[in-house]
Number of protein chains: 2
Amino acid sequence: MPIQSRATLHDVARLAGVSAKTVSRVYSGSPRVLPETRERILAAAKRLRFRPNTVARNLRQGGKTDTVAFVMGDIHNPFYFHVAAGIEQELAKGGFTMLWASTGDAPDSEPVVVDALLSQLVRALVLIPIAGDQSYLEGERQLGTPIITVDRPATDLVADTVVLANRSGMADAVRSLTANGHRKIGFVSNPSEMYTLSERLAGYRQALMEAGVADSTPWERLGNDPSITPESQVRSLLDSSDPPTAIVTGNNRATMGALRELRTREDPVALIGFDDFELAEMLGISVVAHDPVELGRAAGRLALERIEHHGGPIRRIELPTRLVKRGSGEIPAPTG
Amino acid sequence: MPIQSRATLHDVARLAGVSAKTVSRVYSGSPRVLPETRERILAAAKRLRFRPNTVARNLRQGGKTDTVAFVMGDIHNPFYFHVAAGIEQELAKGGFTMLWASTGDAPDSEPVVVDALLSQLVRALVLIPIAGDQSYLEGERQLGTPIITVDRPATDLVADTVVLANRSGMADAVRSLTANGHRKIGFVSNPSEMYTLSERLAGYRQALMEAGVADSTPWERLGNDPSITPESQVRSLLDSSDPPTAIVTGNNRATMGALRELRTREDPVALIGFDDFELAEMLGISVVAHDPVELGRAAGRLALERIEHHGGPIRRIELPTRLVKRGSGEIPAPTG
DNA sequence: CTGTTAGCGCGTTCAG
DNA sequence: CTGAACGCGCTAACAG
């Protein structure tokens, strides 16, 4: 129950004894107002606690807002929060605010959520794709709304994208292991997003191929079944007749699982995880590190650029990863 | 460069051969439209790729939007992301989207950022206070905008708030230590937010008092100086002439620091951390756990309730913590 | 069940 | 330098 209602441009104008337009000029930074008039207006505005109505302004200005939408899926993965933070950081620099919504990991709800945001006339859409395809965005794209996907490319839609160097990052890790004599290297992932997983798997296979291992499938545990934990995957690997001497993981979660299982074992097994994590340094875990915040920043910058100058070729930005050697990945293969 | 411009209600009306108002009715869920007419309208809308303009609708409906603002400071602390996730989750249920902005840890920018969001006519404001006081929000409060603070109360402003049971949570931890014979218990915190720190410190002191320790100041390391790391605080404690036999930490970060330092030591020191973390179970670290997502959810629900029925008494929700014993906190005090 | 009129709060256009 | 009229896209209030 508002004690008083919100003051409008007109209220301020009336109190200051000028027309609404003059007040408007003051707030749109037009210099063509007498300093004295301006003072009077600002004083009146302050008394009335006037705040310009951005909604009305946006409507008048051709439905342009100063917001950018960000849609993500899995709300429990810290990785995406860092991405979100990076996006928000860059947008803020450009004077935009971020409208954030999540699809709650339900692929079907992606179009619904995205639609709700688009109807708010956001100036750009940053999206971590989760639905099977993004063709439903084709219309919006043609209307000129910049669309940027992060972490993975869109399917059936031409859009800018910012991704990690998943393939080469994983290949670096595996090469480092083969250089230490390893040939039997396990690949463990929990069920996760297809694109990143397949890229990392490809990097793994490629590096093994280079080292003369043509078929790595016996050591691959891709976690296609959601009911299988990374721990149990590691367990099945180590308990097999020909256990690996090293393990790489497909992501953060899988690394945690592997750690838990390896803790219970005697034999040293080399481990390199994908994604860095807070205690990795203390625990001496080698990882393929990257900067999730930077991923977001790059997407945010891309959004701002697109808002400025529409058009131009589609861009694909691939951010580098960095192999951080902390010990766990540098255990040499047992000889003989 | 838009290939075509956005279709409006009128465009759809023209194509369907009806009036704008009828189209409007279809989109506002009014049942009073002939199924046949509705079909024709929806077909036309689809052809034109029409999407209702939420901005215009909001303006017409008295400047009401379907957004809620969330403002936080420190963008690097995962804790707040979980809070954000909780808020967003609840808001989505009520059909609201979250406008997210951060102040980048600069207390002075809080009013600026908040103002920018309020000018977008958000229906409620959820805030993690960072500025010295929130009296600048008094005007907005009188206009009827619900304001909810999370993690700490507002200063100089009457507002609903959702906080943790910081004091009793910490007291529980300390009591558990004193029950195991500890009396010399260190309190380590990195420089952090005043409110939570002082509450937790109060709980610590109270529990020690109950155990007969009147003055705990020699074992308190509050991290007032930002240049001092938690590690070095722990070091100074353990290297003192009368070192503690147990340590409690003021938050997540301090726990990490303590862990790093304790790793390098021989003598067992009991440790209980405030805030849970991913590897705590694997590492056997006892903690005062709580659910940051639930903190956000509670705030989100509060916002929705306030939007529904303004008025009523101010509410303060205190969420419980849970002492999770994993070993590190159950090391008994050395006898003699 | 459907159409007409008016106007949300602001900014653009064109006069003064 | 300032003001009056008009309309952004949509919906409330009234007709019919």
Side-chain angles (χ1 to χ4, degrees), chain A residues 2 4-42 44-45 48-67 116 118-123 143, chain B residues 2 4-42 44-45 48-67 116 118-123 143:
Chain A
Q4 57 184 81
S5 74
R6 213 170 283 275
T8 74
L9 217 55
H10 287 89
D11 301 329
V12 177
R14 204 175 309 126
L15 184 61
V18 296
S19 83
K21 178 56 202 173
T22 307
V23 181
S24 166
R25 272 191 263 267
V26 170
Y27 279 90
S28 23
S30 163
R32 313 199 148 284
V33 180
L34 276 179
E36 184 192 308
T37 315
R38 155 177 263 109
E39 287 304 314
R40 233 182 31 251
I41 290 172
L42 288 177
L48 296 176
R49 292 212 178 89
F50 169 70
R51 174 182 295 117
N53 183 331
T54 306
V55 174
R57 161 181 288 180
N58 288 336
L59 178 61
R60 187 63 186 85
Q61 290 177 337
K64 299 285 185 186
T65 65
D66 48 1
T67 58
L118 289 177
S119 80
Q120 304 201 31
L121 303 187
V122 295
R123 291 291 285 285
L143 285 171
Chain B
Q4 58 185 82
S5 74
R6 213 172 282 276
T8 73
L9 216 55
H10 287 89
D11 300 328
V12 177
R14 204 175 309 125
L15 184 60
V18 295
S19 82
K21 180 58 199 172
T22 307
V23 181
S24 166
R25 271 191 265 265
V26 169
Y27 280 91
S28 25
S30 164
R32 314 197 149 283
V33 179
L34 273 180
E36 182 193 311
T37 315
R38 153 177 266 110
E39 288 305 315
R40 230 178 39 247
I41 290 173
L42 288 177
L48 296 176
R49 292 211 178 90
F50 169 70
R51 175 182 293 118
N53 183 331
T54 307
V55 173
R57 160 183 289 181
N58 289 336
L59 178 62
R60 188 60 187 85
Q61 291 179 335
K64 298 285 184 185
T65 65
D66 50 1
T67 58
L118 289 178
S119 81
Q120 304 199 31
L121 303 188
V122 294
R123 291 291 284 286
L143 285 171

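When reading the values below, keep in mind they use all heavy atoms of this one structure, side chains included, and skip hydrogens, waters and symmetry mates. These numbers were taken from a predicted model, which means no experiment stands behind them. First the proteins, then the strands, lettered A, B, ... as listed; each starts at 1.
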Check whether any side-chain nitrogen or oxygen of B/Thr22 sits under 4.0 Å from OP1 or OP2 of C/dG3, and answer yes or no.
-> yes
For [X], what residues pass the side-chain contact (heavy atoms from CB on, under 4.5 Å) criterion, not counting sequence neighbours?
X        : answer
A/Leu59  : B/Asn53, B/Val55, B/Ala56, B/Leu59
A/Arg60  : none
B/Thr54  : A/Ser119, A/Gln120, B/Asn58, B/Asp66
B/Ala116 : none

Could you say whether B/Leu59 or B/Gly17 is positioned toward the 5' end of DNA chain C, judged by the nucleotide with the nearest heavy atom to each?
->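 Whichever sits nearer the 5' end wins; that is B/Gly17.
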Compare all side-chain heavy atoms of B/Lys64 with those of B/Leu121 and state whether any distance is below 4.5 angstrom.
->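 The answer is no, as the side chains (C-beta and beyond) never meet within the 4.5 Å cut-off.
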What does B/Val55 touch in the nucleic acid at a heavy-atom separation under 4.0 angstrom: a base, only the sugar-phosphate, or nothing?
->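 No contact.
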Any pair with a residue in residues 13-23 of chain B that passes salt bridge (Lys or Arg N to Asp or Glu O under 4.0 Å), sequence neighbours left out, goes on the list, sorted by first then second residue, please.
->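 Pairs touching residues 13-23 of chain B that pass the test: B/Asp11-B/Arg14.
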Taking side-chain hydrogen bond (donor to acceptor under 3.5 Å, both in side chains) as the test, write out the residues that go with B/Thr37, two or more places apart.
->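 Checked B/Thr37 against side-chain hydrogen bond (donor to acceptor under 3.5 Å, both in side chains); zero matches.
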Determine to 10° how strongly the helix from C/dC1-D/dG16 to C/dG16-D/dC1 is bent, judged from the axes of its five-pair ends.
-> 30°
Does anything in residues 48-67 of chain B pair up under ring-ring contact (aromatic ring centres under 6.0 Å, His included), and if so which pairs, sequence neighbours excluded?
-> B/Tyr27-B/Phe50
To the nearest Å, how far apart are B/Asn58 CG and D/dC8 P?
->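 My rounded result for the distance is 18 Å.
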What's touching nucleotides 10-14 of chain C from the protein side, N or O pairs under 3.5 Å?
unit_1	atom_1	unit_2	atom_2	d
C/dC10	OP1	A/Asn53	N	3.1
C/dC10	OP2	A/Leu9	N	2.5
C/dG11	OP1	A/Arg57	NE	2.6
C/dG11	OP1	A/Arg57	NH2	2.9
C/dG11	OP2	A/Ser24	OG	2.7
C/dG11	N2	A/Arg60	NE	3.4
C/dG11	N2	A/Arg60	NH2	3.0
C/dG11	N3	A/Arg60	NE	3.1

